[in-house]
J.: 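Let me give you the structure first, and then I'll get to my questions.
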Amino acid sequence: MTVDERGPRMVHALLADGTTVCIRPVRPGDHEPLQGLYEEMSPENLRLRFFSAGRRSAAMAADRACAPPRPGYRALLAETRHQVIGLAEYETGDAPGRAEISIAVADGLHHRGVGALLVEHLVSAARADGITAFTADALSVNHEVLRLFADLGLRTARHFEGPEVRCTIELEEDEAYLSAVEARGRSADVASLEPLLRPDSIVVVGAGRRPGSVGRAVLHQLRTGGFTRRLFAVNPSVTSLLGVRSYPSVGALPKVPDLAVIAVPAAAVPDTAEECGKTGVRALLVVSAGLDNDQAKALLAACRTYGMRLVGPNCLGISNTDPDLSVDATFAAGHPRLGTAGVAVQSGGVGIALLDGLARLGIGVSSFASLGDKYDVSGNDMLQWWESDGRTDLALLHLESFGNPRAFSRTARRVTRRMPVLTVDAGRTDAGRRAAAASHTAAAATRTMTRQALFTQAGITATGSVGELLETAALLHSQPLPAGSRVVVVTNAGGAGVLAADACAEAGLSLPRLTPEVVGDLLAVLPDGASVGNPVDVTAAVTEDQLKDCVERVMRHPGIDAVLVALVPTAVAAATGDDLVRALTDGPGRRPRTVVVVRLEQDLPVRLLPAADGGAIPSYAEPGAAARALAHAARRSAWLSRPPGTIPDPARVETSRAHAVAETYLAAHADGGWLDPRTCAELLACYDIPQLPWAWAETENDAVIAAERLRGPDGRVVMKAHWPGLLHKSEQYALHLDLEGDSQVRAAFRDLETRFAGLMTGVVVQPLASRGTELFAGVVQDEVFGPLVLFGLGGTATEVLADHAARLAPLTDHDVHDLITAPRCAPLLFGAHGSGPVDLEGLGQVLLRLSRMASDLPQLAEADFNPVLATRGRVTVLDARIRLLPRSAQDPYLRRLR
């Protein structure tokens, strides 16, 4: 394959020390800098690279890399500030699927990850070219390159021949390789954020004399927030602002700052960023808003050229409460409290609401980032920072968009094993998508479903509002996770107990019947008249000590995961001086079971009640809020208790053949389209997806012959019309069922031929399927999230009933289980009403193979299997529609900046 528009393009990525580099294909004009790269190497490094120290090798290497594009050769270079610092290249030889690789890194830049980054990008390009292995020759004393190959995460074999080593590197992408790439990326990402979140010096550019200016507000926050390192202002009109020395320009500063806060008018932002970059500033926080497209491009170009990480523009700012640093570069009204919650938002208003809500709860913040328009630093960056900062144990996100959802998902799956990650599911509507969708799959695949699949698979706790997020954060911050969803409600008022029980049931929690042992245990300490069911009504006469004893006894019994205590103030307690809330807080805040309180008279939606041991118990004003928080906690507990899933590798898959089918179709249909029945069946056969036998007929006689061959034991067949673009045959009345004998087959063909004259290109004839459960399976390629697999109840009512579940591909074994068990129709599949279970293994295989097909073929825009017939003995696709579009593969895990 030649180096063409399908090959690698210019991207920016991070080295191990956080430095930004540009990775791009070599161009003819790179000859001089490439030759210089080699000529500046030491004799020893030249010997290691070329097996000799001759200077002639430099010119020859530059000649080879800059030669006109040729089949089987690729060369990528790394450069920073327009200086070439590394080159990686491969060239295929006689061995099919193999290519020889070579790497060169500038002297003085070894051990910074240049070689590893170049090889990762070359591996991605090689896979796209059908190359399955790299080979490389190295001197046995070249320990650095041998270590580079060994640490890639790919399977590597070495063969020693005297002073040389022949290395063979298999390019298969597996979990070991993805984890190695991920680890290198995480280390580089955290290093790049150091000057942003732990700056040694800061300048505020655009701090004005007017009290209402944003720049002045940020400067004030930094001054009063305890930042003790070097702080400067840039304002050419004054020499001092708020007691901070001011200079006329960034270039005039006595020290190059790590972080520049830019609060100038939008038109001045690009030039300011350029000046910061030339001066050596390492990170930008742009609070300015209103940049047009050209200004936005110029801002990002300056950041990439000079290697500056960027937060914003159009943001509230950032803060870090690290006691050794204390950075508050925001224009919020107050300073965040020191603590362990990490917060990242896109909306500044939501950020203020979250900070205020956490402050009311007494939950402190480790670091805060308002990402604004999110040109660079994203939620994925912040997750990796919190994972590594040694302080954060709770992450709160409000993200309106995702730059790379699959990379975000991998990061989140890892981080959520260590700390709760909560988010507000923002942007849940997508008006018009359903109406414009062409197939059942596209109609079902709403953006809400796609986001929820991402959150569920990554273990993220997704809430519907900022209020619900805070309510859940209060519980996860203060209480142990419940082991399950079994809740006992304890109340001093029957009505409050009923409300709490209803709320728990609606949230998906269970209220188990108490055992006789528990009942007897509780009756021994409760006042006369107490009702020991679930809810447990301790009556208005309960004393502080009795309530405390009751709750403690409930928690001692197995089969109970959480206790919800619903209290109302009574005159009885007031007269006796009993404080029922104190019965819960006069002891440890973290007990063996999760404890939450509901107080209907409470003024705030949620509070944290301080406990005697310094812990806290969450108290809610509404039973629904408490139940939702408990349900979120129970789901997190269940997710943590399940080991990470694995992606099965189904047998009898012909990926190369599938690529050939797709490429052949798109070669004849440049704009893509819906596959004809024969091509569709061929593609399904590449993945061994079971199909009902069928035949294609273009004439009445052909239809009769096909029917005779395909008739089953009952002698009946089905006939379906086909023409390009036909999707919903039932709605068009483009099919005939239960056809018996030649005469009915002929009549059906003539009817379709007459009604769809000028449209119909032929018919599909199939035997009448046996009775079973009609299901639906499909996939749609989301431009941002990648392929989404859907499953649920099928047939003509699939969209009306909307009984679907969805997961992002590639599916793990756990994802397949969740897809099958999530829809409301799931009991039918497991043998409800005594019918016996369907072929669950076969059903799982269909979903796995559909997922594999979507992952293999970026050209697959939609696939729609409806109905999929499930019986006790087998699972069969009765009707399939597939749409291809001319798309090229994108490596979602390749390290690159936005």
Side-chain angles (χ1 to χ4, degrees), residues 316 319 332 336-337 339-371 374 378-380 382-383 386 392-402 408 412 415-416 418-429 448 451-452 454-456 458-479 481-482 503 506-509 594 596 598 602 604-608 616-637 639-640:
L316 178 66
S319 65
R337 173 179 173 174
T340 59
V343 181
V345 299
Q346 282 187 251
S347 163
V350 172
I352 291 173
L354 279 177
L355 291 176
D356 287 349
L358 292 172
R360 285 196 301 272
L361 288 169
I363 299 176
V365 171
S366 60
S367 54
F368 166 83
S370 168
L371 304 174
K374 208 170 63 170
S378 66
N380 199 42
M382 295 308 300
L383 281 178
W386 295 327
T392 305
D393 60 15
L394 176 68
L396 309 181
L397 299 171
H398 178 268
L399 303 176
E400 298 164 8
S401 62
F402 294 88
F408 173 83
V415 175
T416 50
R418 300 183 56 179
M419 68 180 76
V421 178
L422 286 75
T423 188
V424 178
D425 187 6
R428 295 188 298 275
T429 62
T448 300
R451 294 170 65 95
Q452 288 174 347
L454 170 67
F455 296 146
T456 299
I460 295 172
T461 300
T463 64
S465 65
V466 171
E468 186 181 342
L469 183 144
L470 289 168
E471 292 159 1
T472 307
L475 188 152
L476 296 177
H477 175 76
S478 61
Q479 290 292 298
L481 285 176
E506 290 167 355
L509 302 168
T594 310
V596 299
V598 173
Q602 185 171 290
L604 292 175
V606 59
R607 292 177 177 272
L608 281 177
I617 298 174
S619 175
Y620 301 89
E622 290 289 340
R628 285 192 299 270
L630 277 172
H632 283 306
R635 282 191 287 271
R636 170 162 173 76
S637 180
W639 191 85
L640 288 173

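This chain uses plain numbering: 1 for the first residue, then up along the sequence. Every value quoted in this text rests on a predicted model; they were computed, and no experiment measured them.
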J.: What is the minimum heavy-atom distance between Ala474 and Val606, and which atoms define it?
T.: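 Taking Ala474 first and Val606 second, the nearest heavy atoms are CB-CG2, 3.8 Å.
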J.: Is any side-chain heavy atom of Trp386 closer than 4.5 Å to a side-chain heavy atom of Val421?
T.: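 With C-beta onward as the side chain, the pair stays apart.
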J.: Do the side chain of Glu622 and the main chain of Gly624 share a donor and acceptor less than 3.5 angstrom apart?
T.: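 No, because the side chain of Glu622 does not come within donor-acceptor range (under 3.5 Å) of the backbone of Gly624.
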J.: Just by distance, do the side chain of Ser637 and the backbone of Pro482 share a donor-acceptor pair under 3.5 Å?
T.: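 Indeed, once roles are kept as given, a pair shorter than 3.5 Å links the two residues.
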J.: Can any side-chain N or O of Tyr620 pair as donor or acceptor with the backbone N or O of Glu471 at less than 3.5 Å?
T.: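 Answer holds: yes.
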J.: Check whether any side-chain heavy atom of Leu394 lies under 4.5 Å from a side-chain heavy atom of Leu396, and answer yes or no.
T.: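 Yes - at least one pair of side-chain heavy atoms lies under 4.5 Å apart.
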J.: Please confirm whether the backbone N or O of Leu475 pairs with a side-chain atom of Gln479, one donor and one acceptor, at under 3.5 Å?
T.: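 Pair absent, no side-chain N/O of Gln479 close to backbone of Leu475.
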J.: Over all heavy atoms of both residues, which pair between Ser478 and Leu608 is shortest? Give the atoms and the distance, please.
T.: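 Looking at all heavy atoms of both residues, the closest pair is OG-CD2, 3.6 Å.
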J.: Counting only N and O atoms by type, is there a donor-acceptor contact under 3.5 Å from the side chain of Thr463 to the main-chain atoms of Thr423?
T.: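 Yes; judged by distance alone, with no hydrogens or angles, the pair exists.
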J.: Show every donor-acceptor pair shorter than 3.5 Å between a side-chain atom in residues 342-359 and any protein atom, with sequence neighbours excluded, or say none if there are none.
T.:
{"unit_1": "Gln346", "atom_1": "OE1", "unit_2": "Glu400", "atom_2": "N", "d": "2.6"}
{"unit_1": "Gln346", "atom_1": "OE1", "unit_2": "Ser401", "atom_2": "N", "d": "3.0"}
{"unit_1": "Ser347", "atom_1": "OG", "unit_2": "Gly349", "atom_2": "N", "d": "3.3"}
{"unit_1": "Ser347", "atom_1": "OG", "unit_2": "Val350", "atom_2": "N", "d": "3.2"}

J.: Taking the side chain as everything from C-beta on, heavy atoms only, tell me whether Trp639 gets closer than 4.5 Å to Thr461.
T.: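 They are not in contact (no side-chain heavy atoms under 4.5 Å apart), so the answer is no.
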J.: Show the nearest heavy-atom pair for residues Ile363 and Ala473, with the distance to one decimal.
T.: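 Distance-wise, the nearest heavy atoms are CD1-O, 4.3 Å.
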J.: Any non-hydrogen side-chain atom of Leu422 less than 4.5 Å from a side-chain atom of Leu397?
T.: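 Sidechains of Leu397 and Leu422: no contact.
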J.: Just verifying a value: how many Å separate Asp393 CG and His477 NE2, rounded to the nearest 0.5 Å?
T.: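 So the CG of Asp393 and the NE2 of His477 are separated by 7.0 Å.
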J.: Under a 3.5 Å distance rule, please check whether Thr416 uses its side chain to pair with a backbone N or O of Ala458 as donor and acceptor.
T.: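 Side chain of Thr416 to backbone of Ala458, a donor-acceptor pair under 3.5 Å: yes, one is there.
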J.: Quick one, Phe368 and Leu316 - any side-chain contact, counting heavy atoms below 4.5 Å?
T.: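 In short, these two side chains touch, coming nearer than 4.5 Å.
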